[in-house]
Amino acid sequence: MINMNNREKIIAGVSLAVLFFAGGILFSKLYQTPLRTVEIYKEALADYKSGDYSNSYYLFSRISAMSDLKPIALYRQAECAKAIDDNESAIRKYKALFNHYGKNPLSPKAKYQAAQMIMDENPKLARKYFEQIMQHYPTTDYAIASEYFLGLLMIKRYTQEEGAIFPLSAKQDAENYFRHYLEKAPDGRLAPNVIENWLSIDKTISPDDYLLMAESLYQKGEYPKVKELIEHSNINESWVLKAKILNVTGRKQEALSMLQEGFAKYQDYVSEEKLIEAMNLYFQLSGMPPYELADLLCSMVKTKAHDYAEMKKCDYQKGYEKTKCFKNFYAEYPDSKYAPKALSEIFMGTYELKDYDAAQKVARDYLDRYRSEEDAPMIMFWLGKIFERERNYSAYMGLYKGVITTYPDTYYAYRAYLRLNHQQHSIITNRIKPMPVEYPYPLKNPVIKKLVQLEDYEIIDEILGNDGFVKSWILYKQEDYPHSMLVARNAMDKLDVKPDKYDLRWRLVYPVHYYEEIEDYADITGNNPPLMLSIAREESYFNPEAASFAGAKGLMQLMPSTAEEIARIKHLGNYDLFNAESNIKLGNYYYAYIKGMLSGHDISAVASYNGGIGSVTRWKQSLMYDDTDSFVEQIPYEETKTYVKKVFRSYWNYIRIYNVNE
């Protein structure tokens, strides 16, 4: 053991004290209580949103390096610096993020932003960053956009230097980058820039590439440029697009002629998808009776999409002839993508003919093969009605319960519930218990939990925006309610197995807005509040400023003439259709009025709200139906039939999700 004298001991002690003191200072700088970190971040975010980027930059710098919010703070600092044109600081912070926190979900965007900012001063490094993004994050939008910038860098490399020669191989590389971008993102934000730069470097572009550019700009609505580009393409491949551009620019007869020529000469050169587009446009432009036109298309379309033409021909037939046509179709095209529709039509046609044994066989065939298809709940429900008619208790109870369990949010789940409970009326309850929209998932990730509490929706969107329900929640928080509902609905439709009714995602699909006003006026007029809520949802997605092409206005989409008439009849005084409460008031009085004229039947009233009371009265007199279910299925206006199902689907989901007893 080595002995130390007193002097050495003192020096060692002082050194240790200095070390502890320095470490304490360093620790105090690195460590923050979580509460203090959140307070600083909240203040910095408030400054960022108010435009005080300098102070926001400083406050974000105070987030401790030990905090899980540090990489996000670095990103925010970079954004602040960029906002005040301090590009040097922005690049430095972006680099700190992706160099030290490479696995953070903000890292690819940080590298993408940095690469853009250094393109002029350090193109070699920028190219390296873009290539790394494509290699390590190939499925992101940043990887697609990197293709454009790599092509742009290639151009700048050989065109900015005086006397530089643009080698053919380099030009081809640039074109490949541009081509890949348009193939992956034809409607992308950068598509017009891609096309402009591509055209600037080459005058010998292939006809296929001209068509690729034209297709992209068509989606952007740049029709004059499309007309210019399409002239350089091969007509045998571009005839569908040419017909479309002729149509949107008002040259409808020329569009029709182009389609006729295309069907006659060039149908083999386009995809099935394009051929179906062409047929649909032909249906739109031709003045021929639909069945005759469908029959003509069947004779014209010989290869791809022939099954689509045959299906359309069946669609335009009536009664037994329609069922017979679909039977022939199903026999000829059992594996067609339209086979489920054919089988569904056969089932309903057979049911209406009261051939219940045959209908059962068709239903079982459908459910064995297409249980995940759109019409599956309808088939299961009506098969249940067959067994109910036969008094096969266990069979129909099992089927009705199966509809509710497997397809819980559908119109047919609602009808199955009524049948299970032997309920004759369409209304289940008058009351719901509204609950707020919340973040759609359990907040297990501590960073996301903090960001939700801090209301930093922009960063949440960057990190989780590919999740439809998170995107919907962000839009909801930004008060874009119609868009929020649309995104949530699409996300829910993609789920093969629907979550239980307590799942928070349902509240995004069926949020409750203006319910206090709806409930007040529904009570005054004798309407059902959840049903009125459902009508408002389906009419406008709760947009008080909604206006249709036909002239309907506001939350409940009232026509001005209808509003004027009901206000006069009910002595309601002045009103404003774009005022939410005023529109709700008039909508309730109008609904109560038409319901009173239809013996108080809500199904008929909802149909009248869309199709008109005169139409519904005629249908009730002319249609041969056994009950409400049969009446709805036979409504001859497809729009009104769909509307009735949508409204009562919403009604069912509102009372299912916001059950007042739970």
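Each residue takes its place number in the sequence, starting with 1. A quick note: this is a predicted structure, and the numbers were derived from the prediction, not measured.
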Taking the side chain from Ser286 and the backbone from Phe283, do they hold a donor-acceptor pair closer than 3.5 Å? no
Do NZ/NE/NH1/NH2 and the carboxylate oxygens of Glu231 and Lys242 come within less than 4.0 Å? yes
Are Asp315 and Lys341 close enough for a salt bridge, meaning some N to O gap below 4.0 Å? yes
Donor-acceptor pair, side chain of Asp503 and main chain of Arg505, under 3.5 angstrom: yes
Using 4.0 Å as the upper bound for N to carboxylate O, is an ion pair formed by Arg251 and Glu254? yes
Main-chain N/O of Asp208 paired to Glu237 side chain as donor or acceptor, under 3.5 Å: no
For Lys220, is the NZ atom crowded, meaning more than 12 foreign heavy atoms sit under 6.0 Å from it? yes
Near Glu196 CD, under 6.0 Å, is it more than 12 heavy atoms from other residues, nucleotides or ligands? no
Give me the atom names and distance for the closest heavy-atom approach of Asn583 to Gln557. OD1-N, 4.2 Å
Under 30°, 30 to 60°, or over 60°: which ring-plane class applies to Tyr53 and Tyr48, parallel, tilted or perpendicular? perpendicular
Students often mix this up, so state it plainly: with edges at 30° and 60°, are the rings of Phe178 and Tyr148 parallel, tilted or perpendicular? tilted
Between Phe60 and Tyr41, how do the two ring planes meet: parallel, tilted or perpendicular, split at 30° and 60°? perpendicular
Output yes when Glu277 and Lys274 qualify as a salt bridge under the 4.0 Å nitrogen-oxygen rule, no when they do not. yes
For the atom pair CH2 (Trp198) and OH (Tyr210), what is the distance rounded to the nearest 0.5 Å? 10.0 Å
Minimum heavy-atom separation for Gly554 to Ser540, with atom names? O-CB, 3.7 Å
Would you tell me whether Asp496 and Ser372 have side-chain atoms, one donor and one acceptor, within less than 3.5 Å of each other? no
Check whether more than 12 heavy atoms from other residues, nucleotides or ligands sit under 6.0 Å from atom OH of Tyr370, and answer yes or no. yes
Given the rule in the side chain to side chain donor-acceptor pair (under 3.5 Å) test, do Asn122 and Tyr129 qualify, once you have shown the distances and angles that lead to the verdict? CA-CA 11 Å; Asn122 196 342; Tyr129 285 166; over 6 Å; no
Residue of the set Asp187, Leu182, Leu229, Ile230 for which side-chain contact (heavy atoms from CB on, under 4.5 Å) holds with Leu217: Leu229
May I ask you to check whether Glu79 and Tyr57 show a side-chain donor-acceptor distance below 3.5 Å? no
Check whether the side chains of Tyr181 and Asn193 place a donor and an acceptor atom closer than 3.5 Å, and report yes or no. no
Check: Asp480 side chain, Leu475 main-chain N or O, donor-acceptor pair, under 3.5 Å: no
Might you confirm whether atom CD of Glu39 has over 12 heavy atoms from other residues, nucleotides or ligands at distances under 6.0 Å? yes
Heavy-atom nearest pair, Leu97 first then Ala110, reads CD2-CB, 3.6 Å
Does Tyr457 have Lys477 sitting over its ring (NZ/CZ under 6.0 Å from centre, angle to axis within 45°)? no
Is a side-chain donor or acceptor of Thr410 paired with a backbone partner of Tyr407 at a separation under 3.5 angstrom? yes
Would you check if the side chain of Lys70 reaches a backbone N or O of Ile63 as a donor-acceptor pair within less than 3.5 Å? yes
In terms of side-chain geometry, is the basic nitrogen of Lys128 or Glu131 positioned less than 4.0 Å from the acidic oxygen of its partner? no
Do Met492 and Lys498 come close enough that some side-chain heavy atom pair is under 4.5 Å? yes
Residues passing the side-chain hydrogen bond (donor to acceptor under 3.5 Å, both in side chains) test with Tyr75, sequence neighbours excluded, are Lys109
Counting N and O atoms only, with roles assigned by atom type, does the side chain of Ser257 sit under 3.5 Å from a partner on the main chain of Gln253, one being a donor and the other an acceptor? yes
When you measure from the side chain of Lys304 to the backbone N and O of Val270, does any donor-acceptor pair fall under 3.5 Å? yes
Quick one: closest heavy-atom pair of Lys450 and Asp68, and the distance? NZ-OD1, 2.8 Å
For side-chain contact (heavy atoms from CB on, under 4.5 Å), just list the numbers for Arg76 and Ile459, CA-CA rounded to whole Å, side-chain angles, deciding distance to a tenth of an Å, and then say yes or no. CA-CA 9 Å; Arg76 281 296 192 191; Ile459 298 298; 3.7 Å; yes
Are Phe130 and Phe149 an aromatic pair by the rule of ring centers under 6.0 Å? yes
Run the side-chain contact (heavy atoms from CB on, under 4.5 Å) check on Arg649 and Asn653 step by step: do they pass? CA-CA 6 Å; Arg649 176 183 182 179; Asn653 279 291; 3.6 Å; yes
Output, in order, the C-alpha distance, side-chain angles, deciding distance and verdict of side-chain contact (heavy atoms from CB on, under 4.5 Å) for Val509 and Ile657. CA-CA 10 Å; Val509 186; Ile657 299 163; over 6 Å; no
side-chain contact (heavy atoms from CB on, under 4.5 Å) between Tyr643 and Lys646, worked out: CA-CA 5 Å; Tyr643 178 79; Lys646 283 183 175 180; 5.7 Å; no
Closest non-hydrogen atom pair between Pro499 and Trp506, with its separation: O-NE1, 3.1 Å
Can you say whether the rings of Tyr282 and Phe263 are parallel (under 30°), tilted (30 to 60°) or perpendicular (over 60°)? perpendicular
Would you call the rings of Phe469 and Tyr441 parallel, tilted or perpendicular, taking 30° and 60° as the class edges? perpendicular
Counting only heavy atoms not in Asn99, do more than 12 sit closer than 6.0 Å to its CG atom? yes
Under 3.5 Å, side chain of Lys471 to main-chain N/O of Asp461, donor-acceptor pair present? no
Should we say atom NZ of Lys184 is surrounded by more than 12 heavy atoms from elsewhere, each under 6.0 Å from it? yes
State which residues pass side-chain hydrogen bond (donor to acceptor under 3.5 Å, both in side chains) with Asn176; sequence neighbours excluded, sorted by chain then number. Arg179
Quick check for you: to the nearest 0.5 Å, what is the distance between Glu455 atom CD and Lys49 atom NZ? 6.0 Å
Residues Glu272, Lys337: salt bridge by 4.0 Å N-O rule: yes
Looking at every non-hydrogen atom in both residues, tell me the closest pair between Ser233 and Ser238 and how far apart they are. OG-OG, 3.0 Å
